[in-house]
Amino acid sequence: MNKIKLTILLFLLVIVSVFSQEKKYLTHQVKKGETVFSITQKYSISKADFLKLNPDIKNDEVSIDQVVIVPNKAFKAIPDIEDGDYVLDGFLYHKVLPKENYFRLRKEYGASKRILRKHNEILRIDDLKAGQVIKIPVKDGYEVDAVKVKKEDKTVRPYLVKAKETKYMISRRYGISVEELEKMNPQIKEGLKAETIIKVPNRKEIPDAVNDGSITHQIEKKETLFSLSQKFKISQEQILLNNPELKDGVKEGMIIRIPKVLTLNNNQIFIENISLNNNLKVAIMLPFTTGKSELDFDTDRTLNIATDFYLGVEMALDSLKKQGLNIAAKVFDTKNKITEVSTIIKTNQFNDVDAIIGPMFLNNVKLVSQSLGNQNTAIISPVSSKDHGVFASKNTIQDTPSEDELSQKVLDYIKENYKDENLIVIKDDIEENQLKYNKTIAELKRIDSLGKLSVLSPVKGYIRPDFFKKNIQDKEQNWVVLLTDDPSVTNDVIQNLGVMPEKINITLFALHHNVNPGGNFEKAENHHLARVNLHYATENFVDENDVKVQQFVKKYKAKNHLEPSEYAFKGFDITYDALARMATYKMVNSAFSGGISERTSSKFFYVKNGNKGFINKGIFLVKYDGLNLVNVEKEPTDKMELKE
């Protein structure tokens with residue numbers, strides 16, 4: 001029995017010895033009293049090379065039990081054999097073939113069994129086996145057809161895997177994909193083990209997080225130095241200074257460092273910094289109305305909206321998970337009934353939920369806010385633009401700006417850009433609207449350089465054509481401000497202005513713009529809107545020339561086999577933005593105070609609504625440029641062509 005144990009032990013020692021010779025680097029656990037100097041002396045390595053192998057060592061100090069990378073003194077540069085044999089340092093390295101034995105080896109290479117065992121320790125205790133790589137002394141004048149000696153690969157370097165590190169964390173740090181990391185290290189495909197040495201690209205390591213206000217960003221498809229500088233409002237020179245590897249080109253998947261906290265119009269830009277292995281728990285409440293005997297997508301608008309929104313939500317969850325965020329999501333059908341929402345709250349635990357996306361309708365949002373508002377749970381109202389302040393909790397997030405906010409966006413633009421234009425205000429004659437209109441007119445009259453301001457109202461339901469002719473100036477810039485949301489008055493104004501001679505310069509500003517059934521712009525013709533250079537505010541704007549929009553559409557179509565609707569874009573944007581914020585900042589208040597962000601079709605600029613949570617004031621101001629719709633606040637190249 002003891003002989004068997006001894007044989008096994010010797011076998012293991014030989015195997016370890018052979019394997020250790022094949023490893024260029026080993027790990028060393030620092031013992032008491034050891035220093036960087038003593039370790040470098042022990043392993044015959046210069047201090048500079050040692051620190052290159054161990055970039056985590058700071059101030060030339062090591063601590064007891066710290067694991068470091070050291071060179072393997074027993075290492076011999078045995079090349080990897082895939083096909084054929086290799087000659088190196090007087091030996092032929094040969095991979096034993098199936099059915100090959102000592103007799104055939106002696107006949108082929110002239111090396112006896114005794115000689116082979118002399119130069120191959122493994123053969124002293126084990127039989128010759130197919131797949132083994134053995135050393136055969138090369139006779140004088142012996143040649144092989146293809147001599148292949150592998151040179152050291154200087155494009156990679158060793159990396160010591162730390163506790164709790166994942167393949168994604170390491171690949172992200174070196175700007176490569178997990179697949180590329182696995183290709184470099186086939187042994188990690190089944191899992192990564194701490195304190196093992198793997199290969200990584202021989203380039204500067206990008207830290208997961210920094211404490212100087214800078215952040216990390218993974219290069220997306222088609223991004224360039226110019227687009228990065230535009231995105232982060234920073235010069236290309238500053239980006240290169242902090243990321244010298246970009247001098248060799250901007251490549252998709254690379255991780256770069258953005259060197260400072262950024263601001264836009266005195267408001268900080270939100271920069272997501274999704275820490276890996278972070279966990280989020282999410283509840284999604286949408287009115288799928290699955291209790292109905294039949295689901296009719298042709299006539300049920302609510303079902304269509306909820307379904308499209310959820311498909312966008314799924315896209316966002318997938319995208320965040322691929323970045324290393326662990327998300328546990330549970331979907332609830334509210335059936336658009338307050339009793340169903342009440343049942344969901346009573347029969348489920350929400351105390352550890354980070355975010356609730358939904359419900360969609362105001363009364364249901366009210367119930368959730370009043371029931372769960374005392375927790376650190378973001379309650380995100382995705383659709384309703386009505387005032388949430390009367391019921392909202394401190395963590396209620398109103399994601400759709402109110403009608404008043406949209407109107408104010410247009411008014412602010414007029415006030416900031418007015419330069420002696422002929423200003424005309426058009427309103428309806430509905431009695432209950434007059435107080436609001438008077439306040440708006442008073443606000444316009446406070447413009448410092450304002451000359452004359454004309455106010456037109458309908459007579460017997462429409463505005464007389466001679467009123468337009470009297471107030472529109474042929475040789476001046478005419479700014480017409482449309483206050484009404486009445487379809488009849490709106491159509492009357494557009495038709496009268498839309499047929500005026502081209503030589504007359506007209507810009508129409510609409511404080512209310514609704515193209516839905518029954519909305520004031522439902523029947524407006526695009527060529528008339530183009531003629532009057534219509535300006536209006538909107539909470540959603542899809543720029544089909546934007547790269548991130550194109551990528552989203554492509555992925556959405558590949559997954560769902562249809563074009564994304566407005567609500568699919570909205571579902572993606574709201575979900576992605578909210579969870580990115582919750583992953584970056586754990587507390588709701590910090591997450592939604594974290595700055596401005598812009599996704600595929602939505603802008604998020606959250607403002608505290610007193611102690612009633614947050615309201616999103618992220619609004620686009622758009623205009624017609626011919627038959628193109630453009631973002632007024634961006635470069636004129638950002639266009640989306642509209643179809644007649």
Side-chain angles (χ1 to χ4, degrees), residues 282-319 329-341 344 355-368 379-386 397-401 403 406 487 513-524 538-544 549-550 552-578 599-602 616 620 629 640 642-643:
V282 183
I284 300 162
M285 297 185 183
L286 297 174
F288 293 108
T289 61
T290 53
K292 290 184 177 181
S293 58
E294 184 178 351
L295 299 178
D296 187 355
F297 284 93
D298 292 328
T299 60
D300 193 335
R301 187 167 183 264
T302 298
L303 177 60
N304 273 291
I305 290 174
T307 304
D308 287 352
F309 186 90
Y310 180 69
L311 292 176
V313 171
E314 279 193 324
M315 296 285 291
L317 296 178
D318 288 345
S319 178
K330 190 170 183 179
V331 182
F332 298 94
D333 180 8
T334 65
K335 299 178 182 177
N336 195 19
K337 295 180 180 178
I338 199 164
T339 53
E340 186 68 22
V341 176
I344 291 170
I356 299 173
I357 299 172
M360 278 190 167
F361 296 98
L362 193 65
N363 285 337
N364 296 333
V365 176
K366 179 180 179 180
L367 178 60
V368 174
I379 301 169
I380 299 164
S381 174
V383 173
S384 177
S385 62
K386 295 179 181 178
I397 316 298
Q398 182 179 343
D399 252 315
T400 299
E403 287 292 329
L406 294 174
H513 182 268
N514 186 352
V515 296
N516 292 322
N520 61 332
F521 276 83
E522 178 193 4
K523 297 180 180 180
T538 177
E539 72 271 18
N540 299 108
F541 174 66
V542 177
D543 180 359
E544 293 181 352
V549 171
Q550 293 171 351
F552 174 76
V553 171
K554 182 178 179 181
K555 292 177 182 177
Y556 186 93
K557 289 171 68 175
K559 182 175 182 179
N560 301 303
H561 308 291
L562 73 163
E563 292 278 349
S565 70
E566 169 193 346
Y567 287 97
F569 278 106
K570 200 174 184 74
F572 174 84
D573 287 352
I574 288 174
T575 304
Y576 186 98
D577 190 81
R599 304 299 172 184
T600 60
S601 73
S602 302
N616 178 25
F620 299 98
L629 197 60
M640 179 183 69
L642 299 177
K643 304 299 182 184

Inset, instruction - Apply the test side-chain contact (heavy atoms from CB on, under 4.5 Å) to residues N304 and Y567: give CA-CA distance (whole Å), side-chain angles for both, the deciding distance (0.1 Å), then the verdict. - result: CA-CA 9 Å; N304 273 291; Y567 287 97; over 6 Å; no
Inset, instruction - For the pair K559 and D318, evaluate salt bridge (charged side-chain N to carboxylate O under 4.0 Å, His left out) and give the outcome as yes or no after the intermediate values. - result: CA-CA 11 Å; K559 182 175 182 179; D318 288 345; 2.7 Å; yes
Legend entry - Derivation of the side-chain contact (heavy atoms from CB on, under 4.5 Å) call for D333 and E340: CA-CA 8 Å; D333 180 8; E340 186 68 22; over 6 Å; no
Inset, instruction - Start with the C-alpha gap between N516 and R301, add the side-chain angles, then the distance that decides, and say whether side-chain contact (heavy atoms from CB on, under 4.5 Å) holds. - result: CA-CA 12 Å; N516 292 322; R301 187 167 183 264; 4.1 Å; yes
Legend entry - Stepwise side-chain contact (heavy atoms from CB on, under 4.5 Å) test for K366 and I338: CA-CA 10 Å; K366 179 180 179 180; I338 199 164; over 6 Å; no
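Between the CZ atom of F541 and the CG atom of L629 there is a distance of 5.0 Å, given to the nearest 0.5 Å. Going from atom CD1 of I397 over to atom CG of D577 covers 10.5 Å, rounded to the nearest 0.5 Å. Rounding to the nearest 0.5 Å places CE of M360 at 10.5 Å from CD1 of I357. In this structure, T575 OG1 and E314 CD are separated by 10.5 Å, a value rounded to the nearest 0.5 Å. One distance of note links CD1 of I344 with NZ of K337; it measures 11.5 Å at 0.5 Å rounding. Rounding to the nearest 0.5 Å gives a distance of 7.0 Å between CG of L362 and OG of S381.
Residues S319 and Y576 share a closest heavy-atom pair of OG-CE1, 3.6 Å. Between P359 and V365, the shortest heavy-atom distance links the atoms O-CG2, 3.2 Å. Heavy atoms only, all atoms of each residue included: A306 and L286 are closest at O-CD1, 3.9 Å. Heavy-atom minimum distance, T302 versus P287: CG2-CG, 3.8 Å. Closest of all the heavy-atom pairs between G518 and P487 is O-CG, 3.7 Å. Taking all atoms of both residues into account, the shortest heavy-atom contact from P564 to F552 is CB-CE2, 3.8 Å.
Contact annotation: the side chain of N336 approaches that of N364 to within less than 4.5 Å [non-hydrogen atoms, C-beta and beyond]. Using a 4.5 Å heavy-atom threshold, the side chains of E563 and V553 count as touching. L311 is not listed as a side-chain neighbour of F572, based on a closest heavy-atom distance of 4.5 Å or more.
Annotation: F288 is in aromatic contact with Y310 [ring centroid separation under 6.0 Å].
With hydrogens and angles disregarded, no donor-acceptor distance shorter than 3.5 Å links the side chain of D399 to the backbone of P382. Of the possible polar contacts, none joining the T600 side chain to the V549 backbone as a donor-acceptor pair under 3.5 Å is found. When atom types are taken as modelled, the side chain of E544 and the backbone of Q550 share no donor-acceptor pair closer than 3.5 angstrom. Listed for the N540 side chain is no donor-acceptor partner under 3.5 Å among the backbone atoms of S602. Without hydrogens or angle criteria, D573 side chain to S601 main chain gives a donor-acceptor distance under 3.5 Å. Judged purely by atom type and a 3.5 angstrom limit, Q398 uses its side chain to pair as donor or acceptor with the backbone of K386.
By the 30° and 60° cut-offs, the orientation of the rings of H513 relative to F521 is tilted.
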